[in-house]
There are 2 protein chains.
Amino acid sequence: MTEVAATGISVLLVDDHPIVRQGYRRVLESQGDLHVVAEADNAADAYGAFKVHDPDVVVMDISMPGASGLEAIRNIRARSPRARILVFTMHNEAVLVKAAFSAGASGFVTKSSEPSAVVTAIRSVARGERAMSDDIAHVLAEDSLSPTGSVLDQLGEREIEILRQFAGGATTEQIASHLNLSVKTVQNYHYLIKTKTGARTDAQLVRLAATCGLTKI
Amino acid sequence: MTEVAATGISVLLVDDHPIVRQGYRRVLESQGDLHVVAEADNAADAYGAFKVHDPDVVVMDISMPGASGLEAIRNIRARSPRARILVFTMHNEAVLVKAAFSAGASGFVTKSSEPSAVVTAIRSVARGERAMSDDIAHVLAEDSLSPTGSVLDQLGEREIEILRQFAGGATTEQIASHLNLSVKTVQNYHYLIKTKTGARTDAQLVRLAATCGLTKI
DNA sequence: CTGCTGCTCGGGCAAATTTCCCAAGCCGAT
DNA sequence: ATCGGCTTGGGAAATTTGCCCGAGCAGCAG
């Protein structure tokens, strides 16, 4: 790798909140071996920054406005299979975790984890290992044992993404433009999600998303 | 008052959850001076039970299916101005508290309060005093100081009630029949609430209701 | 390889709902 | 007495929903 890698681990921070990025940057840099070489606040910029800086690890929040973070993962991995991506988000739904790993993520750490867990995970991921925080391991473990998975398990990745944005308050048009879909498609997903989950009302959908941790409120 | 009153305080419990009523009944009766003489699980039955048993204090959850608990309070007070009503609910929004007191309630205690707070409040209310739990006092105090009140302060009582039921997952028809309104009126309220609060989406409305404590999720 | 299945994406269309404007009764305040 | 605000609903246009459909594409079993 580059000389940067020789002297430590270079990191690309992707998160839509500047203050958050600033905070994490300080935490990571105080470690000595971690260097934040770039930041991005959306999925599109993330790949551009990745190409320019070729970081050892991408630390990415997948709940950003704009395209799905999962798509960003796939984008980066498709063009740079050696990329190491650590998902760092507040969500802890098993479906989301599984989707992230199958999209090519190397690790998954929740924002409620100790700062040290993030640092540890970054080092693990940089070594090419898989990493996840304890709570994620528990969620995954629970999920693998439960025959009757979460309601969200019935939903596809696109459906999850649309449900998240919808429950977050986005309009149909906003979701359509975020995801580059036709309004019609989003409407169809909306309907599909309702029938799959059994929600009779948009409000029930929001509550469902909230109780499943898809949305914070 | 009756001989029952002479030997203690008679209580009418109004709550839509049987288990909840059962639990409170035990708590209250273990006090020695409190006697639950009747229960009701809806607003309509509440007045009937009140007439029959003439309790010293009505302990009432105002978030029940059917007519608004506030209407039940007005009903009872209109026919029996000497009635003492203690509102006992999980909601702690200033608007709701104010609405309850102006509807004729003598006290307001949240369900998150210590059991002893309820007992104390019942005794206070029975003596003709006003009573409220500490958290309610804080909410009211905060509210009186804040020039920029909660978004809910823009809403009328009916609007609040409809918003609560809507955010709770009820369909327009269900709300209409609960409140004995035409579907059309509920739709108009729905629209009015959205414009008043600035919510562009049903999901935003639910989130608003949740952050204001109108709904638990 | 060949089907099968499931996800994604969207068209179509009738039925339902939402949006927005308006009116009337009621009640409290000025 | 009048004004404003709450409550209740009608009406009509605009949108969305509910369901049905087909196509492309990936993965997977036979």
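First the proteins, then the strands, lettered A, B, ... as listed; each starts at 1.
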Trainee: Is the shortest side-chain N/O distance from A:H190 to OP1 or OP2 of D:dT16 below 4.0 Å?
Mentor: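 Looking at the OP1 and OP2 atoms of D:dT16, neither is under 4.0 Å from any side-chain N or O of A:H190.
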Trainee: Report yes or no: does B:R207 contribute a side-chain atom to a donor-acceptor pair with the main-chain N or O of A:A167 at less than 3.5 Å?
Mentor: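 Yes, because the side chain of B:R207 sits within donor-acceptor range (under 3.5 Å) of the backbone of A:A167.
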Trainee: Between the main-chain N or O of B:V125 and the side-chain N or O of B:E129, is there a donor-acceptor pair closer than 3.5 Å?
Mentor: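 No.
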Trainee: Just the rounded figure in Å: distance from C1' of C:dA16 to OH of A:Y191.
Mentor: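 Distance check: A:Y191 OH to C:dA16 C1' gives 13 Å.
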Trainee: List in chain and number order the residues that pass ring-ring contact (aromatic ring centres under 6.0 Å, His included) with B:F166, two or more places apart in sequence or in another chain; answer none if no residue qualifies.
Mentor: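 B:H190.
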Trainee: Starting at CG of B:L205 and ending at P of C:dT17, how long is that distance when rounded to a whole Å?
Mentor: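 Rounded to the whole Å, the gap is 18 Å.
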Trainee: Measure NZ/B:K194 against C1'/D:dA14 and give the value in whole Å, please.
Mentor: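 That distance rounds to 13 Å.
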Trainee: Identify the two heavy atoms, one from B:E159 and one from B:L192, that lie closest to each other, and give their separation to 0.1 Å.
Mentor: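 Of all heavy-atom pairs spanning B:E159 and B:L192, the closest is OE2-CD1, 3.4 Å.
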Trainee: Determine, for B:Y189 and B:R158, whether the Lys NZ or Arg CZ falls below 6.0 Å from the six-membered ring centre while staying within 45 degrees of the axis.
Mentor: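 No, a cation-pi geometry is absent between B:R158 and B:Y189.
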Trainee: Return a single string for nucleotides 5-13 of chain C, one symbol per nucleotide in 5' to 3' order, where B is base contact, S is sugar-phosphate-only contact and - is none, cutoff 4.0 angstrom on heavy atoms.
Mentor: ---SSBBBB
Trainee: Can you tell me the distance, in whole Å, between the CD1 atom of B:I193 and the P atom of D:dT8?
Mentor: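 Spelled out: CD1 on B:I193 to P on D:dT8 is 12 Å.
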Trainee: Write down the distance between CD (B:Q187) and P (D:dT15), rounded to a whole number of angstrom.
Mentor: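 Atom CD in B:Q187 sits about 17 Å away from atom P in D:dT15.
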Trainee: Has A:R77 got a side-chain atom pairing as donor or acceptor with A:A105's backbone, closer than 3.5 angstrom?
Mentor: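 No; judged by distance alone, with no hydrogens or angles, the pair does not exist.
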